[in-house]
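Below is one structure, written out as structure tokens; the observations come after it.
Since the structure is predicted, the reported quantities are computational estimates derived from the model, not experimental observations. Remember, it's 1-based here, ligands and their atoms both numbered in the order they're listed.
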Amino acid sequence: MSDILNFIDGAYVAGGGRWFDVVNPATGQPHARASEAAEADVDRAVAAARRAMAGPWGRTSEADRTAMLNAIADEIDRRAEDFLAAEIADTGKPLSLAGTVDIPRGAANFRIFAKMIGAEAERLYEMATPDGAGALNYAIRRPKGVVAVISPWNLPLLLMTWKVAPALACGNAVVCKPSEETPSTCALLGEVMRAVGLPDGVFNVVHGFGPGSAGAFLTAHPDVDAITFTGETRTGEAIMKAAAVGTRDISSELGGKNAGVIFADCDLEAAIEGTARSTFTNCGQVCLCTERLYVERPIFDAFVAGLKAKAEALVPGAPFDSATTIGPLISAEHRTKVMGYFETAAADGATVVTGGSAFALPGDHEGGFFVRPTLWTGLAEDSAAVREEVFGPVAHIAPFDSEAEAIALANDTRYGLAATLWTRDLSRAHRVGAALEAGIIWVNTWNLRDLRTAFGGAKQSGIGREGGAYSFDFYSETRNICIKL
Ligand code: NAD
Ligand code: 6OH
């Protein structure tokens, strides 16, 4: 079992808190133990970040930051095998997924923001226009300062770097708190930062939990200038309260209950294939996954049969087995939660089209947290399995009869992260696309995501947008300078 340490001021250190086990969800066995940061460790990490901002890093040129971010991406690529092993040990996800999404997109996050640094600076300088009243106004960007980055367990490296890369691109220093379930890849990033010569204190990692632990200490820290968070809506609310003290800026990417709307005029085969991806990718543990499917009545039966066949064709298994197409849930606790929805859905009268149970793989993976991909029909819209985020490989499928009804059903949720729409009618795609209350809408595809586009949620799925220029807006302070002519 390896030890996972905090990374503070350029050094790996044990924290003053307790050691906690990091469990491999594919086996149910601990594969590492991590050192929890105590409040004093969080203080030291924030102080190191503050010192780094006062040093040369606070004055780095755009060109230097561009070079630094590209070097980080190259180093992640060079260490890809290590990152893959760490990510897979923490999450149990198949190599086919971690090797094509998690790790390469972790590196891509640094490359894309490196590329945008110069252009983003120009975007603001272009605003330098005389206002016609004898003054020249122009704006410059300055880093926010010390940014706290708090991330979840579902795509650990990808979602952590999604925030660290633009924060560094804008010249900030960061203190990161990865999920207690998946600390390994963030810890490994410290080695990358050392290898590329990022000054000590610019990138720090503290491990631990939320309340009463590193997460709460970090978000409450008065010397943190901004907080960026991805996770559950309830956690987001707690962090907003912490951010209110001292009026710190916050960006939050929260939970969802995403709808897929499938019209009878769609390419049925493509819609079934795409919906299988949108429902079951990463065992349903992607914030963008669809858990509510609305299908126009003439194709309802064919769609349900097609998606059932796709669900049953998924191959659960060991991460490094090349036949595996679906992994386990992240933890025993999360599996208990997901199975709770299996029970409430059955009690509410669902027809279980497929799945609805946990199972054990034979051999070494017997203790893994596996559940069957699950589809329900026949639930009322107010059933808990239809209203609440399950975050597992599940979806409820309901029929609809008109475009207006489909829009109303899809929008009848407190969440609004993503929606997916399947139709061959171009006008309908634009019309319904604009009517869906979500931050991200895909038409005839799912998770086709350019890192420069806006990412974030409506309603209780979050506050603000990140991605491309939106990230530059969050991770920098725009300063307007007015000169009297
Ligand atoms: P979570 O909210 O339980 O935890 C996320 C992080 O917050 C962890 O690092 C955790 O330790 C920390 N945390 C918990 N309580 C805290 C507190 N009081 N103060 C400070 N930090 C605290 O979420 P999770 O279970 O890790 O992830 C799953 C959730 O994340 C789902 O709801 C999913 O929809 C959401 N998610 C959203 C997006 C998005 O972009 N909108 C992306 C991925 C996941
Ligand atoms: C939320 O969980 C975000 C997912 C993003 C991606 O999978 C991606 O590749 O951009």
I'd like to check which ligand 1 atoms, numbered from 1 as shown, lie under 4.0 Å from a non-hydrogen atom of [X].
X      : value
Ile239 : 19 (N), 20 (C), 21 (N)
Gly255 : 32 (O), 34 (O)
Phe455 : 40 (O)
Pro178 : 9 (O)
Leu159 : 42 (C), 43 (C)
Asn154 : 43 (C), 44 (C)
Trp153 : 24 (P), 25 (O), 26 (O), 27 (O)

Is it true that [X] and [Y] have a side-chain N and a carboxylate O under 4.0 angstrom from each other?
X      : Y      : answer
Lys257 : Glu291 : yes
Glu191 : Arg194 : no
Lys144 : Asp249 : yes
Asp225 : Arg248 : no
Arg387 : Asp382 : no

Inset, instruction - Answer yes or no for atom 4 (O) of ligand 1: protein heavy atom present at a distance under 4.0 Å? - result: no
Could you identify the single nearest non-hydrogen protein atom to [atom] and state the distance to 0.1 Å?
atom                    : value
atom 4 (C) of ligand 2  : Leu155 CD1, 3.4 Å
atom 10 (O) of ligand 2 : Arg449 NE, 2.7 Å
atom 1 (C) of ligand 2  : Cys287 SG, 2.2 Å
atom 8 (C) of ligand 2  : Arg105 NE, 3.2 Å
atom 7 (O) of ligand 2  : Asn447 ND2, 3.2 Å

Legend entry - Residue pair Thr290 / Asn258, side-chain donor-acceptor N/O under 3.5 Å: no
Inset, instruction - Establish, from distance only, whether the side-chain atoms of Glu181 and Thr91 form a donor-acceptor pair under 3.5 Å. - result: no
Legend entry - Gly231, Cys287, Ala214: member with heavy atom nearest to atom 35 (C) of ligand 1: Gly231
Inset, instruction - Identify which of Gly215, Ser151, Gly256 has a heavy atom lying nearest to atom 6 (C) of ligand 1. - result: Ser151
Inset, instruction - Would you check if Asn154 and Ile330 make a side-chain contact, meaning some heavy-atom pair closer than 4.5 Å? - result: no
May I ask you to check if ligand 1 and [X] share an N or O to N or O distance below 3.5 Å?
X      : result
Thr235 : yes
Leu254 : yes
Ser461 : no

Inset, instruction - Determine whether the aromatic ring centres of Trp376 and Tyr341 lie less than 6.0 Å apart. - result: no
Inset, instruction - Drop me the distance from Thr161's OG1 to Ile76's CD1, to the nearest 0.5 angstrom. - result: 6.0 Å
Inset, instruction - Determine, using heavy atoms of Gly457 and all atoms of ligand 1, whether some pair is separated by less than 4.0 Å. - result: no
Inset, instruction - Report yes or no: does Gly462 have a heavy atom closer than 4.0 Å to ligand 1? - result: no
Inset, instruction - Identify the heavy atoms of Phe20 and Glu180 that sit nearest to each other, and give their distance. - result: CE1-O, 3.4 Å
Legend entry - Structural part of Thr230 in contact with ligand 2, heavy atom criterion under 4.0 angstrom: neither
Legend entry - Check against salt bridge (Lys or Arg N to Asp or Glu O under 4.0 Å), Arg78 and Glu75: CA-CA 5 Å; Arg78 200 183 67 75; Glu75 184 65 9; 2.9 Å; yes
